[in-house]
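Here is how names work: the chains are called A, B, and so on, in the same order as the sequence lines, proteins then strands, and each is numbered from 1.
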2 protein chains.
Amino acid sequence: MHNLLSNISPNFKIPATAREALEHMFVQKQFNKNELLIEDGQVCRHMYFLEQGCIRGFYNIDGKDISQWFGFENDFATSFSSFITRHAAKEYIQVVEDSTLWCISRDQLDELLSKYPELEKTVRLIYEQYYIRLEERYSNAHFKTATERYEDLLKNSPHIIQRMPLGYVASYLGISAETLSRIRGQNKK
Amino acid sequence: MHNLLSNISPNFKIPATAREALEHMFVQKQFNKNELLIEDGQVCRHMYFLEQGCIRGFYNIDGKDISQWFGFENDFATSFSSFITRHAAKEYIQVVEDSTLWCISRDQLDELLSKYPELEKTVRLIYEQYYIRLEERYSNAHFKTATERYEDLLKNSPHIIQRMPLGYVASYLGISAETLSRIRGQNKK
DNA sequence: ACTACTTTTTGACTTTTGTCAACCATCTTC
DNA sequence: GAAGATGGTTGACAAAAGTCAAAAAGTAGT
């Protein structure tokens with residue numbers, strides 16, 4: 001549990017009262033490459049915190065999969081809208097490298113928040129950070145060309161390019177794998 | 001103030017203790033068509049609640065403006081990342097129809113939340129809703145063609161098409177005004 | 001080290017969308 | 001009610017990216 005608390009804490013204060021409960025509710029689990037944490041059609045009942053490894057969320061559209069987001073060490077991840085609304089998810093979550101994750105169920109999180117309302121603020125601040133990230137991603141996708149999007153990613157999130165297969169990155173950028181391969185080829189010269 | 005409370009309340013409970021303070025802190029203001037609530041480079045210090053009218057957030061890229069979001073009656077709106085981080089905004093907020101807005105400053109909101117921590121949960125729930133909306137918007141933009149995106153918008157948010165000029169809608173969908181005009185022409189047949 | 005499998009690259013061609021320019025229709029305003 | 005704005009439409013052409021197919025490179029697993 002060390003990692004979770006030590007990695008949330010630098011940015012967000014966790015009230016001492018809630019620390020212990022938090023430690024008890026998150027459970028550490030090990031997953032192997034290519035395992036699916038959730039599938040399209042299931043309700044996503046867990047929130048994950050990545051201690052080690054990486055995962056991705058993706059949609060399946062007409063047999064093609066399209067990466068939606070990537071998660072690395074110290075990120076929280078879940079199929080957010082399913083987790084919150086308790087409706088069936090439209091996405092899959094796949095383990096990309098063998099990973100060590102901490103899990104908490106929606107019910108436990110609710111319990112935690114109602115017992116320790118002083119955690120609400122921590123959660124709000126985390127949400128703010130994730131909202132801003134998503135907004136940034138959205139606006140980049142909006143007004144940049146494929147090449148610019150790739151170069152931005154290379155500059156701002158090189159770990160994505162280093163650790164995720166090209167095909168995953170291509171759909172994340174909203175382009176075909178062939179186009180990404182060509183862009184990358186161009187860039188080397 | 002009636003509208004704000006009555007329109008938040010159906011979805012979110014506002015603790016009675018905080019009601020009055022909330023009413024005092026939001027100030028009603030009137031804005032005219034084409035006024036800018038904030039400009040690129042300024043810090044956005046206010047959060048707005050739309051009682052009547054509509055507004056949009058847009059980026060200016062190489063002299064072109066690109067709509068980022070639209071706000072209508074009973075929406076909250078601000079240049080979120082600037083409001084939260086207190087850094088300069090990268091976007092403009094423009095009043096599209098003459099509008100009646102309720103405003104609260106960041107400092108007042110902070111004050112409100114520290115005096116009435118029971119509001120944290122309300123804010124968290126509002127954030128969840130907005131996050132899910134943005135995620136939906138993002139994924140649609142990601143894997144649908146221009147025509148599908150237009151048809152989705154027509155189905156799910158016809159008010160946008162009815163109340164926003166075609167040029168604003170086009171950049172919101174990530175396509176040129178000409179392409180949108182052609183799609184719309186096709187659809188009529 | 002060899003096969004089987006997956007991922008990436010390359011080439012030829014097609015489709016989609018963008019750009020530029022002209023044109024038309026309102027709507028405002030003096 | 002004429003003169004500008006503003007917003008929307010249309011056409012011709014150009015550019016960007018997608019598709020299909022095949023080759024090449026990389027990665028396991030035995």
Q: Mind checking B:Ala177 for me? I need base, sugar-phosphate or nothing, with any heavy atom below 4.0 Å counting as a touch.
A: nothing
Q.
Rounding to an integer number of Å, can you tell me how far A:Lys144 NZ sits from C:dG18 P?
A. 18 Å
Q: Please state how far atom CG in B:Leu166 lies from atom C1' in C:dT26, giving the value in whole angstrom units.
A: 15 Å
Q. Is the distance from OP1 or OP2 of C:dG18 to the nearest side-chain N or O of B:Thr179 less than 4.0 Å?
A. yes
**Q.** C:dT9 OP1/OP2 closer than 4.0 Å to side-chain N/O of A:Ser181
**A.** yes
Q: Return the value, rounded to whole Å, for the distance between atom CD1 of A:Ile161 and atom C1' of C:dT8.
A: 15 Å
(Q) Here's one to test your reading of the geometry: is the NZ or CZ of B:Arg137 within 45 degrees of the ring axis of A:Tyr138 and under 6.0 Å from its centre? (A) yes
Q. Where the side chain of A:Arg182 is defined as all heavy atoms beyond and including C-beta, which of C:dT19, C:dT17, D:dT19 is the nearest nucleotide?
A. D:dT19
(Q) Do A:Arg149 and A:Ile175 have side chains that approach each other closer than 4.5 Å (heavy atoms only, starting at C-beta)? (A) yes
Q: Please figure out whether A:Glu178 or A:Ala146 has its closest DNA chain D nucleotide nearer the 5' end.
A: A:Ala146
Q) Separation of B:Ile61 atom CD1 from C:dT19 atom P, in whole Å? A) 13 Å
Q.
Nearest whole Å is fine: how far is D:dT9 P from B:Ile183 CD1?
A. 12 Å
Q: Round to a whole Å and report the spacing from CD1 of B:Ile175 to P of C:dT16.
A: 14 Å
**Q.** Member of B:Glu23, B:His46, B:Glu51 meeting the side chain to side chain donor-acceptor pair (under 3.5 Å) criterion with B:Trp102
**A.** B:Glu51
Q) Below 4.5 Å, heavy atoms only, C-beta onward: do A:Asn74 and A:Phe49 meet side chain to side chain? A) yes
Q.
Classify B:Lys64 by what it touches in the nucleic acid, base, sugar-phosphate, or nothing, heavy-atom distance under 4.0 Å.
A. sugar-phosphate
Q. Atom CG of A:Asn34 to atom P of C:dC5: distance rounded to whole Å?
A. 16 Å
Q) Nearest-Å distance, CG (A:Asp98) to C1' (D:dA28)? A) 14 Å
Q) Looking at the rings of A:Phe70 and A:Tyr172, which for Trp means the six-membered one, are their centres under 6.0 Å apart? A) yes
Q: Please state whether the phosphate of D:dT9, meaning OP1 or OP2, lies under 4.0 angstrom from any side-chain nitrogen or oxygen of B:Arg184.
A: yes
